[in-house]
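Order of listing sets the numbers, starting from 1, for every ligand and every atom in it.
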Amino acid sequence: MKSFRQELWFETAGRRDFINITSEVEQCLQKSGIKEGLCLVNAMHITASVFINDDESGLHHDFEVWLEKLAPHAPTSQYRHNGYEDNADGHLKRQIMGREVVVAITDGKLDFGPWEQIFYGEFDGKRKKRVLVKIIGE
Ligand code: ZN
């Protein structure tokens with residue numbers, strides 16, 4: 001069995017952002033040389049997510065509004081976590097959007113359903129953070 005590991009690094013200009021990382025993951029898969037197997041992609045930080053959905057700006061706006069309704073950033077004093085930090089909402093938003101995705105690899109390609117794309121979800125940005133890509137198979 002072959003195994004491949006790579007970290008992808010991101011630093012968003014704002015506190016929150018969604019970044020399509022599908023092409024970066026596809027590059028990892030090409031480098032791995034693996035044709036049949038599984039590809040795990042996970043955020044390595046507890047205020048960031050990796051998720052699969054549509055690359056459609058209206059939907060991304062809807063996610064942002066929905067998450068902000070569920071866990072508003074302000075007032076930061078509403079959260080017990082915010083003693084030394086101001087990112088309690090980021091932890092909650094990450095929990096909803098998920099830590100990782102697993103995509104099947106078939107015939108050397110990510111075996112997606114219609115319109116599926118992989119996104120990095122940042123909820124406490126403006127600093128360097130990373131995503132792990134781990135691919136196993138033959
Ligand atoms: Zn925190």
Side-chain angles (χ1 to χ4, degrees):
M1 188 192 75
K2 281 196 239 176
S3 168
F4 176 91
R5 181 190 192 276
Q6 187 171 319
E7 293 175 1
L8 307 175
W9 287 82
F10 303 96
E11 184 171 2
T12 60
R15 178 175 281 270
R16 289 194 294 280
D17 206 356
F18 297 129
I19 301 169
N20 188 334
I21 62 170
T22 310
S23 61
E24 279 103 320
V25 177
E26 282 169 344
Q27 282 166 23
C28 290
L29 178 56
Q30 278 176 7
K31 264 196 258 176
S32 78
I34 291 169
K35 301 291 179 204
E36 296 290 325
L38 292 172
C39 177
L40 166 76
V41 187
N42 69 266
M44 297 184 85
H45 301 264
I46 51 181
T47 52
S49 288
V50 172
F51 62 95
I52 290 181
N53 217 302
D54 195 0
D55 194 358
E56 196 277 302
S57 60
L59 178 65
H60 294 186
H61 173 80
D62 294 339
F63 277 141
E64 166 66 18
V65 170
W66 178 63
L67 289 167
E68 196 56 23
K69 245 184 246 171
L70 287 173
H73 175 68
T76 53
S77 61
Q78 73 190 297
Y79 299 106
R80 208 172 278 192
H81 177 68
N82 286 341
Y84 302 97
E85 296 186 287
D86 66 352
N87 66 0
D89 67 304
H91 291 276
L92 299 173
K93 286 164 175 147
R94 172 264 169 79
Q95 204 64 30
I96 294 284
M97 297 304 282
R99 171 182 180 268
E100 80 278 306
V101 300
V102 177
V103 182
I105 299 158
T106 305
D107 204 15
K109 292 196 170 134
L110 296 172
D111 202 342
F112 285 129
W115 303 108
E116 285 192 326
Q117 296 280 290
I118 307 172
F119 293 90
Y120 175 67
E122 178 60 79
F123 305 115
D124 185 25
K126 301 193 252 184
R127 57 200 172 95
K128 289 191 82 176
K129 290 165 83 169
R130 64 204 155 126
V131 163
L132 176 66
V133 180
K134 182 88 180 190
I135 306 172
I136 56 169
E138 295 293 342

message: What do you get for the angle at the Zn ion (ligand 1) between NE2 on H91 and OD1 on N87, to the nearest 10 degrees?
response: 100°
query: Is the distance from the Zn ion (ligand 1) to some N, O or S atom of E85 under 2.8 Å?
result: yes
- request: State, yes or no, whether a side-chain contact exists between M1 and E138 at a heavy-atom distance under 4.5 Å.
  value: yes
task: Look at the N, O or S atoms of T47, main chain and side chain alike, and state whether any lies under 2.8 Å from the Zn ion (ligand 1).
output: no
Minimum side-chain heavy-atom gap L29-F4 below 4.5 Å: no
query: Is a salt bridge present between D124 and R15, judged by a nitrogen-to-oxygen distance below 4.0 Å?
result: yes
field: Reference residue R130; test side chain to side chain donor-acceptor pair (under 3.5 Å); the match among Q6, E7, E11
entry: E7
